[in-house]
Number of protein chains: 2
Amino acid sequence: MPAASKKVSAAPRGSRRPRAAAPEEDGLARFDLQTGSLGYALRLAQVRMYTLFFDMLGDLGLTPARVTALSLIATDPDMNQTKLARSLDIAGPSALKMVDALEAAGLVCRLDVAGDRRRYLLALTATGRTTMEQLRLRMAEYEERIAADLSAAERAQLVGLLNRVAQRG
Amino acid sequence: MPAASKKVSAAPRGSRRPRAAAPEEDGLARFDLQTGSLGYALRLAQVRMYTLFFDMLGDLGLTPARVTALSLIATDPDMNQTKLARSLDIAGPSALKMVDALEAAGLVCRLDVAGDRRRYLLALTATGRTTMEQLRLRMAEYEERIAADLSAAERAQLVGLLNRVAQRG
DNA sequence: TATTGTTATACTCTATAACTATA
DNA sequence: TATAGTTATAGAGTATAACAATA
């Protein structure tokens, strides 16, 4: 009978802030700096968003990937590891480690499934639910901080333009 | 006398495409999907940009970080490893491996510095210069593809709004 | 046979600490 | 003493391959 592996550190790099991702880093800066290009502007805005996202996470001890895993588990009452791997687009063993880490942090638990002993359901613990509630509140503030310098109309306009950029052309 | 370490693979994951970075992945999707939020729109646009960036790199065998290193070396005639580490905001040993990889790929060479035998200059090889020229051409196309569905006015507007988002508030 | 989870292994990127050679 | 580069080591994240238990 499979037992969850336990050898995963409980406090990941979520606590240590992951080096503010300089805009030069992803190959956009040196080419685009002079042109006021869309690519560079998008990159800079994304760097800012990333910084604010980590400020938002603060002392919760979560990484972005774990935030996503947590919210996927919170949302889907039928979540298991294979499904999580598919949702996150990661390999099975990676999902396993992710769940191990969330379990070690006391946020998630594995529940037996009646009638199928191969798998188990993933669910939030009480601590996990509290953390999710914290996250929901902070995400709302975070969204406001991103758009802090824009009027409602400008913000709507920006979202509209970004959606058109995001569409597969 | 220090000799450059040579044990670095020449063809990195630049060839293997790095898994298209699903928008769910960085903790933005599950919270924001319903709101049409700026955070989510920004994230989606960035995912699209990332995809196009890798399409652009194509068969050049480069990663985004190596593109940046290459362009930094191309731009600064006085580049060395410590300076490169500072520019990329990475640790010294990481910069070393980066340079080793670029050297193994035949794009960059280490040149002796008259009067200071501790360091050497980093410079592009002939192959490196050819690659950079290719990159410049492709970057121009890339920029156009990002904004393909926008008019000139819309694009300028979008850049303006993004710059305001990117500003530290 | 197929599915779920697991183990073993390896590779990349990153970091810190301690070292060498040189200034 | 300080600087440039290097080595050794470690940790997080990713992957593939092979496996056990169960369906």
Side-chain angles (χ1 to χ4, degrees), chain A residues 1-22 25-26 61-66 68-69 78-86 88-104 110-122, chain B residues 1-22 25-26 62-66 68-69 78-86 88-101 103-104 110-122:
Chain A
M1 186 182 294
S5 59
K6 295 291 183 182
K7 302 169 187 175
V8 174
S9 60
R13 77 167 183 195
S15 34
R16 202 175 311 163
R17 188 191 186 136
R19 191 175 61 79
E25 195 167 330
D26 276 2
L62 291 171
T63 62
R66 287 180 194 177
T68 308
D78 217 52
M79 184 59 70
N80 61 34
Q81 269 178 215
T82 300
K83 201 170 178 180
L84 184 65
R86 232 175 16 238
L88 293 173
D89 193 17
I90 59 179
S94 300
L96 175 99
K97 283 185 198 170
M98 172 81 78
V99 173
D100 282 351
L102 291 173
E103 195 179 45
R110 291 165 156 110
L111 302 176
D112 289 341
V113 174
D116 189 345
R117 296 201 310 184
R118 287 175 306 180
R119 61 195 173 88
Y120 27 64
L121 288 181
L122 300 174
Chain B
M1 185 181 296
S5 58
K6 294 291 182 184
K7 302 170 188 174
V8 175
S9 60
R13 75 165 183 196
S15 34
R16 201 176 312 166
R17 186 189 188 139
R19 193 175 60 80
E25 196 167 331
D26 277 3
L62 291 170
T63 63
R66 287 180 193 178
T68 309
D78 216 52
M79 184 59 70
N80 61 36
Q81 268 177 215
T82 299
K83 201 170 178 180
L84 184 65
R86 229 175 18 237
L88 292 173
D89 194 17
I90 59 180
S94 300
L96 175 100
K97 284 185 196 170
M98 171 82 78
V99 173
D100 282 351
E103 194 179 46
R110 291 165 155 108
L111 302 175
D112 290 340
V113 175
D116 190 346
R117 297 202 306 183
R118 286 176 306 180
R119 62 194 173 90
Y120 28 64
L121 288 181
L122 299 174

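All chains are named by letter (A, B, ...) in the order of the sequence lines, taking the proteins before the strands, and each is independently numbered beginning at 1.
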Donor-acceptor pair under 3.5 Å: do we get one between Lys97(A)'s side chain and the base of dT14(D)?
yes
Distance in Å, Leu122(B) CG paired with Gln81(B) CD, rounded so as to fall on 0.5 Å steps:
6.0 Å
Between Tyr120(B) and dT3(D), is there a side-chain N or O to OP1/OP2 distance below 4.0 Å?
no
Value in whole Å for how far the P atom of dG13(D) lies from CG of Asp89(A)
17 Å
Nearest 0.5 Å, what's the CG-CG distance between Leu102(A) and Leu62(A)?
7.5 Å
Closest non-hydrogen contact found for Tyr120(A) with Val113(A) is CA-CG2, 3.6 Å
Residue mapping more 5' on DNA chain C - nearest nucleotide basis, Pro93(B) or Arg119(A)
Arg119(A)
On the nucleotide dT3(D), are OP1 or OP2 found under 4.0 Å from the side-chain N or O atoms that Arg86(B) carries?
no
According to a strict under-4.0 Å criterion, is Arg117(B) in side-chain N/O contact with OP1 or OP2 of dT3(D)?
no
Short side-chain N/O contact to dA15(D) OP1/OP2 from Ser94(A), under 4.0 Å:
yes
As a test of reading the structure: which of dT7(D), dT7(C), dA23(C) is closest to the side chain of Asp116(B), going by heavy atoms?
dA23(C)
If you pin Leu121(B) and Met98(A) to their nearest nucleotides in DNA chain D, which one's is more 5'?
Leu121(B)
Between Leu96(B) (CG) and dT12(C) (P), how many Å, whole number?
15 Å
What is the distance from CG of Asp78(B) to P of dA4(D), rounded to the nearest Å?
11 Å
On the nucleotide dT6(D), are OP1 or OP2 found under 4.0 Å from the side-chain N or O atoms that Gln81(B) carries?
yes
Which whole-number value in Å describes the distance from Asp112(A) CG to dA21(D) P?
17 Å
Choose from dA15(C), dG5(C), dT16(D) the nucleotide whose nearest atom is closest to any side-chain atom of Ile90(B).
dA15(C)
Tell me the interatomic distance from Glu103(B), atom CD, to dG5(D), atom C1', rounded to whole angstroms.
13 Å
Of the nucleotides dG5(C), dT6(D), dG5(D), which has the atom closest to the Asn80(B) side chain?
dG5(D)
Taken to the nearest whole Å, CE/Met79(B) to P/dG5(D) is 11 Å
Take atom CG of Leu62(A) and atom C1' of dA12(D), then tell me their distance rounded to the nearest Å.
16 Å
Is there a donor and acceptor pair, one atom on the side chain of Arg118(B) and one on the base of dT3(D), closer than 3.5 Å?
yes
Roughly how far, to the nearest 0.5 Å, is the CG atom of Asn80(A) from the CZ atom of Arg118(A)?
10.0 Å
Any idea which heavy atoms bring Ala69(B) and Leu88(B) closest together, and the distance?
CB-CD1, 4.1 Å
Thr82(B) side-chain N/O to dG5(D) phosphate OP1/OP2 under 4.0 Å:
yes
